[in-house]
Amino acid sequence: MSKTKRYTITAALPYANGPLHLGHIAGAYLPADIYVRYLKSQGHDVAFICGSDEHGAAITLRAKKEGKTPQQIVDENHQIIKKAFTDFGIDFSIYHRTSSPIHHETATGFFKDLNDKNAFTQETSEQFYDEKEQQFLADRYIIGTCPKCNYDNAYGDQCEKCGSTLSPTDLINPKSAISGNTPILKETSHWYLPMNKHEDWLRKWLEEGKLDNQFHHDPKLWKKNVLGQCKSWIDNGLQARSITRDLDWGVKVPIEGAEGKVLYVWFDAPIGYISATKEWAKQNGKNWEDYWKKEDAELIHFIGKDNIVFHAIIFPIILKAHGDYILPTNVPANEFLNLEGDKISTSRNWAVWLHEYLADFPGRQDELRYVLTSIAPETKDSEFTWKDYQARVNNELVAIFGNFVNRTVVLTHKYFNGLTPTLNKCDEIDDEVLAAIPKAKAKVNELITQFKFRDAQTEAMTLARIGNKYLADTEPWKLIKTDEDKVKTILNISLQICEALSDIFLPFLPQTCCNLKKILNLKSEETISPQHQIGEAKLLFQKIENDVIEAQIKKLKESNKKQSNPKANPMKDEITFDDFTKMDIRTGTILTAEKHPDADKLLKMTVDTGIDVRTIVSGIAEHYAPEEIIGKQVSVLINLAPRKIRGIVSQGMILMAEDNEGNLAFVSPEKAIDNGGEIR
RNA sequence: GGCGAGGUAGCUCAGUUGGUUAGAGCGCCGGAUUCAUAACCCGGAGGUCGAGAGUUCAAAUCUCUCUCUCGCUACCA
């Protein structure tokens with residue numbers, strides 16, 4: 001047994017801008033949880049740290065959109081995320097949050113300390129400022145016309161139409177995405193982290209695993225994608241990076257004259273790991289510094305591939321600049337998980353949300369853990385499909401693992417009343433199977449320490465396969481008629497395998513292993529031995545039927561269409577441009593309007609279409625009084641076949657927009673247009 | 001555009017420093033079996049390893065060109 005160590009394991013802080021989906025789980029949280037459960041089972045001292053990242057411009061924007069305060073937004077999401085983690089069985093030591101006072105103190109202190117050590121530089125520049133909203137605008141929140149392709153909804157950092165990288169000042173007609181106002185240029189001063197100064201030691205640390213000329217970690221254990229990306233950053237020359245922002249939501253810059261400025265979330269967020277550790281230590285009578293400042297502690301960050309440079313370059317620089325902190329010995333970054341043939345997308349609502357899975361499949365978190373580990377994107381993007389989920393649960397968990405345990409337990413009850421039989425004389429096959437148990441354990445442990453969780457889980461499943469094959473080869477149900485002693489040996493060994501499975505699967509399927517221990521009637525530290533009474537047979541896993549899977553696929557496909565407005569109707573079938581040009585839509589002015597004599601909901605109007613003056617009947621009487629719409633400019637579909645409505649011929653259709661509650665609004669030109677002007 | 005990672009059986013993935021008929025699990029087909037959730041067990045079929053060229057006695061593996069996917073590209077977080 002190797003001696004125990006102290007570990008600080010972090011999982012990327014989820015951004016409190018929305019709930020968690022399966023991609024988040026497969027990418028960072030599940031592998032971290034497996035690793036932590038493994039470390040704990042080996043007796044190590046582990047702080048497993050996570051929490052909500054609650055700052056940044058995206059949250060303030062969302063708050064504005066929804067008419068809430070940023071605090072309300074993060075409070076809501078923090079609760080949803082935290083509950084989902086708990087229900088799913090991610091075993092954090094603490095799930096903290098960056099809006100907490102202890103985090104603000106910690107981040108502030110960190111900034112001050114580095115500032116005192118002259119670890120930062122300060123620079124002044126001109127940036128766009130929205131006078132109405134009284135705030136500086138991040139590049140992403142400036143919209144204007146692309147100077148290269150004339151696309152008029154290009155962002156300040158990039159044009160999504162032609163893909164060119166832009167600077168906000170490149171845009172023609174820049175507009176604030178928040179208010180629509182034209183922003184002005186205003187001088188502002190920011191703090192920068194001069195990363196270029198850190199290139200030399202970073203290179204040695206990453207490439208050779210050496211820090212201050214001493215062994216720090218084995219770079220061969222790092223993933224290719226992580227090293228590759230870091231190396232390319234350093235090779236291209238690191239630049240000073242701004243660590244403050246002009247925003248009112250976040251950790252205030254603790255310097256006089258820096259009012260209205262906050263720490264950039266990527267300076268603030270990783271410090272969240274430290275503040276969370278402090279809070280956990282306080283609650284549990286520990287010393288947080290043991291986990292961050294002692295050389296014998298090991299720090300490991302579990303993240304997704306989009307976070308690599310922040311955890312493998314920027315945060316290490318910050319820690320090193322401070323001087324007292326340890327650096328990560330590994331940053332196992334996973335690639336991304338796709339879903340049913342497409343990228344997971346929050347904005348398109350193409351995702352399986354963790355909290356919804358838990359609601360739809362109560363108590364079946366281990367099935368999801370198993371599948372997500374089986375397809376974990378460890379070396380490349382991988383794909384989750386519901387059919388695959390069903391197949392893996394039914395053909396592997398149920399048929400191999402669950403089935404082996406069940407047949408062993410059932411046989412033991414049938415032949416020996418549930419009393420563990422004695423291990424009698426062993427033949428070659430028995431010895432081989434017995435030897436496979438420690439071998440499997442060793443192999444699984446080795447793979448876990450190499451962060452190869454997918455292979456490790458497959459290896460664990462192999463032990464269940466060995467069990468099934470053992471029963472098929474020895475056929476105790478036949479032998480029972482002729483050689484009961486032999487059957488005793490077989491079932492003793494089979495029960496030992498069951499027990500081993502409950503240990504070996506513990507990091508992967510914690511709930512199942514707990515259930516299995518109950519079936520075997522084993523309390524912790526107890527082991528299977530002759531005359532031990534096992535519990536009743538109970539199925540570890542249930543088969544998943546087709547209709548359940550089809551319902552999930554249907555739900556996914558429907559929710560995808562909802563987009564930002566869940567009640568909006570699905571898109572109609574695609575049409576050609578020719579189809580569109582067939583519609584003749586013009587600007588017109590309402591000349592007269594009166595209630596339809598024979599209908600409550602209809603107005604009879606005369607409209608000047610620029611071509612002619614015609615009568616149109618429209619069902620808007622409940623939304624507009626006749627007198628208030630006279631003189632209004634509207635959009636009219638003029639080549640629609642005339643139609644009699646309650647006795648009056650209507651010659652065209654006035655375009656209306658309808659909201660979720662059925663309220664109507666005219667679609668009118670935003671400034672006066674000649675009647676007859678074409679809309680296209 | 002630049003950089004990084006990836007493209008291997010129907011699906012999800014392994015393939016160590018180039019070396020005999022390219023592997024595993026699942027699916028599929030066939031067989032056997034009945035203790036078990038029609039489960040298990042045995043056998044079989046399936047791949048010009050993204051495309052093309054080159055180096056070599058020998059290339060999935062090394063080089064070049066091309067192509068597709070994802071990520072990063074420094075003020076999106």
Side-chain angles (χ1 to χ4, degrees), chain A residues 13 15 17 53 55-59 61 125 127-128 136-142 155-158 163-165 167-168 190 192 195 223-233 235-246 264-266 269 304-310 313-314 333 335-336 338 343 371 374-385 387-388 391-392 394-400 402-415 452 454-455 458 461-462 464-465 467-473 475-478 480 487 491 494 537 539-543:
Chain A
L13 304 185
Y15 196 52
N17 194 23
D53 171 12
H55 296 138
I59 281 171
L61 269 177
S125 64
Q127 287 195 11
F128 278 117
F136 284 93
L137 296 168
D139 290 3
R140 197 76 191 177
Y141 302 122
I142 300 162
Y155 293 113
D157 55 350
Q158 194 187 26
S164 18
T165 304
S167 152
H190 283 288
Y192 286 75
M195 301 206 296
K223 294 196 183 193
K224 250 205 259 185
N225 54 347
V226 176
L227 286 179
Q229 196 178 348
C230 290
K231 192 171 177 306
S232 93
W233 267 54
D235 287 350
N236 288 327
L238 297 175
Q239 310 286 316
R241 190 182 175 95
S242 160
I243 53 161
T244 54
R245 289 286 183 287
D246 291 295
Y264 178 32
V265 291
W266 265 110
K305 67 173 164 182
D306 53 338
N307 271 338
I308 288 171
V309 291
F310 295 101
I313 292 184
I314 300 175
E335 302 280 310
F336 282 179
N338 292 321
K343 277 203 284 187
V371 172
S374 300
I375 60 169
E378 289 178 356
T379 55
K380 55 183 136 184
D381 289 356
S382 64
E383 177 154 326
F384 178 94
T385 66
K387 289 256 184 245
D388 179 70
R392 286 181 191 276
N394 289 354
N395 304 330
E396 296 175 33
L397 282 181
V398 173
I400 311 283
N403 186 39
F404 170 68
V405 170
N406 190 47
R407 57 203 298 211
T408 299
V409 172
V410 165
L411 285 174
T412 304
H413 277 287
K414 199 164 175 179
Y415 301 149
K452 294 181 177 172
R454 198 177 47 208
D455 290 348
T458 303
M461 193 54 94
T462 300
R465 286 201 173 87
N468 275 319
K469 182 169 163 48
Y470 179 54
L471 289 181
D473 288 347
E475 299 181 308
W477 49 90
K478 281 186 182 165
I480 191 67
V487 174
L491 286 180
S494 297
L539 298 180
L540 285 178
F541 305 102
Q542 301 291 331
K543 277 199 136 191

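What you see is a predicted model, and the numbers here were worked out from it, not measured in a lab. Protein chains get the first letters and strands the later ones, always in sequence-line order, with residue 1 at the start of each.
Pairing partner, U34(B): none, since no Watson-Crick or wobble contact has both distances short of 3.5 Å. Here A9(B) sits opposite no nucleotide as a Watson-Crick or G-U wobble pair (both hydrogen-bonding atom distances under 3.5 Å). With a 3.5 Å ceiling on both atom-pair distances, the Watson-Crick or G-U wobble partner of A51(B) is U65(B). Using N1 to N3 plus N6-O4 or O6-N4 for Watson-Crick, or N1-O2 and O6-N3 for G-U wobble, each under 3.5 Å, G1(B) pairs with U73(B).
Looking at heavy-atom distances under 4.0 Å, Val265(A) makes contact with sugar-phosphate atoms alone, never a base. Residue contacts for Tyr192(A): at a heavy-atom cut-off of 4.0 Å it reaches a base atom on one of the strands shown. At a threshold of 4.0 angstrom between heavy atoms, the contacts of Phe404(A) with the nucleic acid are absent. The residue Phe310(A) sits close to a base: some heavy atom pair falls under 4.0 Å. Within the nucleic acid shown, Leu397(A) has no heavy atom closer than 4.0 Å to any nucleic acid atom. Note on Lys414(A): only backbone sugar-phosphate atoms sit closer than 4.0 angstrom, heavy atoms only; bases stay farther off. Residue-level contact check: Gly237(A) touches the bases, meaning some heavy atom is under 4.0 Å from a base atom. Residue Ile375(A) is classed as a sugar-phosphate contact, given heavy-atom separations below 4.0 Å to backbone atoms only. Using a 4.0 Å heavy-atom cutoff across all strands shown, Asn403(A) reaches at least one base atom of the nucleic acid. Using a 4.0 Å heavy-atom cutoff across all strands shown, Glu396(A) reaches sugar-phosphate atoms only and no base atom. Contact annotation for Lys478(A): backbone-only contact, meaning every heavy-atom pair under 4.0 Å involves sugar-phosphate atoms and none involves a base.
To the nearest 0.5 Å, atom CD1 of residue Ile243(A) and atom CE of residue Met195(A) are 11.0 Å apart. The line from CG of Leu540(A) to CZ of Phe404(A) is 11.5 Å long, rounded to the nearest 0.5 Å. One distance of note links CG of Asn394(A) with NZ of Lys543(A); it measures 5.0 Å at 0.5 Å rounding. How far CG of Leu227(A) is from OG of Ser232(A): 11.5 Å, rounded to the nearest 0.5 Å.
Listed nucleotides C40(B), A74(B), A36(B) differ in distance to Val410(A); the shortest reach to its side chain belongs to A36(B). The Trp477(A) side chain lies nearest to C35(B) when the options are U37(B), G71(B), C35(B). With A77(B), C42(B), C26(B) as the choices, the nucleotide that has an atom nearest any side-chain atom of Lys469(A) turns out to be C42(B). For Gln239(A), the side-chain atoms get nearest to A74(B) when compared with the rest of A74(B), C70(B), C42(B).
Distance Asn338(A) CG to C70(B) P: 8 Å, rounded to the nearest Å. Residue Lys231(A) contributes atom NZ, which lies 18 Å from atom P of G2(B) at whole-angstrom precision. Atom CD1 of Ile308(A) and atom C1' of A74(B) are 15 Å apart (whole Å). Taking atom CG on Leu411(A) and atom P on C40(B), their separation rounds to 16 Å, with Å as the unit. Distance, Arg465(A) CZ to C42(B) C1': 15 Å, rounded to whole Å. Protein atom CG of Asp388(A) is 8 Å distant from nucleotide atom C1' of C26(B), rounded to whole Å. Counting to the nearest Å, the C1' atom of C70(B) and the CD atom of Glu378(A) are 17 Å from each other.
Taking atom P in both G25(B) and G52(B), one finds a spacing of 31 Å when rounded to whole Å. For the P atom pair drawn from C40(B) and C3(B), the interatomic distance equals 50 Å after rounding to whole Å. On the C1' atoms, G19(B) is 29 Å away from U12(B), given to the nearest whole Å. The gap from the P atom of C42(B) to that of U33(B) amounts to 15 Å, rounded to the nearest Å. On the P atoms, G15(B) is 15 Å away from A9(B), given to the nearest whole Å. Taking the P atoms as reference points, G44(B) lies 23 Å from C11(B), given to the whole Å. As rounded to the nearest Å, A77(B) and C70(B) have P atoms that lie 23 Å from one another. With C1' as the reference atom, A5(B) and G46(B) are 29 Å apart, rounded to whole Å.
Between U69(B) and Lys343(A), no contact under 4.0 Å exists linking OP1 or OP2 to a side-chain N or O. At A77(B), none of the side-chain N or O atoms of Asn17(A) fall inside 4.0 Å of OP1 or OP2 (strictly under the cut-off). An OP1 or OP2 oxygen of C13(B) is reached within less than 4.0 angstrom by no side-chain nitrogen or oxygen of Lys452(A). A close approach under 4.0 Å does occur between a side-chain nitrogen or oxygen of Ser382(A) and OP1 or OP2 of C13(B). At A14(B), one or more side-chain N or O atoms of Arg454(A) fall inside 4.0 Å of OP1 or OP2 (strictly under the cut-off).
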Step-by-step side chain to side chain contact (heavy atoms under 4.5 Å, CB included) determination, His190(A) to Asp246(A): CA-CA 9 Å; His190(A) 283 288; Asp246(A) 291 295; 2.8 Å; yes

Please step through side chain to side chain contact (heavy atoms under 4.5 Å, CB included) for the pair Tyr415(A) and Val487(A), ending with a clear verdict. CA-CA 9 Å; Tyr415(A) 301 149; Val487(A) 174; 3.9 Å; yes

Worked check of side chain to side chain contact (heavy atoms under 4.5 Å, CB included) between Leu539(A) and Asn406(A): CA-CA 7 Å; Leu539(A) 298 180; Asn406(A) 190 47; 3.8 Å; yes

Go through it in stages, so that I can follow the logic: the residues are Asn468(A) and Arg407(A), the test is side chain to side chain contact (heavy atoms under 4.5 Å, CB included), and I'd like the CA-CA distance, side-chain angles, deciding distance and then a yes or no. CA-CA 9 Å; Asn468(A) 275 319; Arg407(A) 57 203 298 211; 2.8 Å; yes

Show the numbers, then the answer: is there a salt bridge (charged side-chain N to carboxylate O under 4.0 Å, His left out) between Lys305(A) and Asp381(A)? CA-CA 10 Å; Lys305(A) 67 173 164 182; Asp381(A) 289 356; 2.9 Å; yes

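Here the closest heavy-atom approach between residue Ile375(A) and residue Ser382(A) is recorded as O-OG, 2.6 Å. Counting all heavy atoms, side chain and backbone alike, Ser494(A) lies closest to Leu471(A) at OG-CD2, 3.5 Å.
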Pick out the pairs of N or O atoms, protein on one side and nucleotides 3-7 of chain B on the other, that lie under 3.5 Å.
from, atom 1, to, atom 2, distance (Å)
C3(B), O2', Ser232(A), OG, 2.8
G4(B), O2', Gln229(A), N, 3.3
G6(B), OP1, Lys224(A), NZ, 3.1
G7(B), OP1, Lys380(A), NZ, 3.3

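With a glycosidic angle no further than 90° from 0, G46(B) counts as syn.
Ranked by how close their nearest RNA chain B nucleotide is to the 5' end, Leu471(A) and Lys543(A) are led by Leu471(A). In terms of position on RNA chain B, the residue among Arg392(A) and Asp306(A) whose nearest nucleotide sits closer to the 5' end is Arg392(A).
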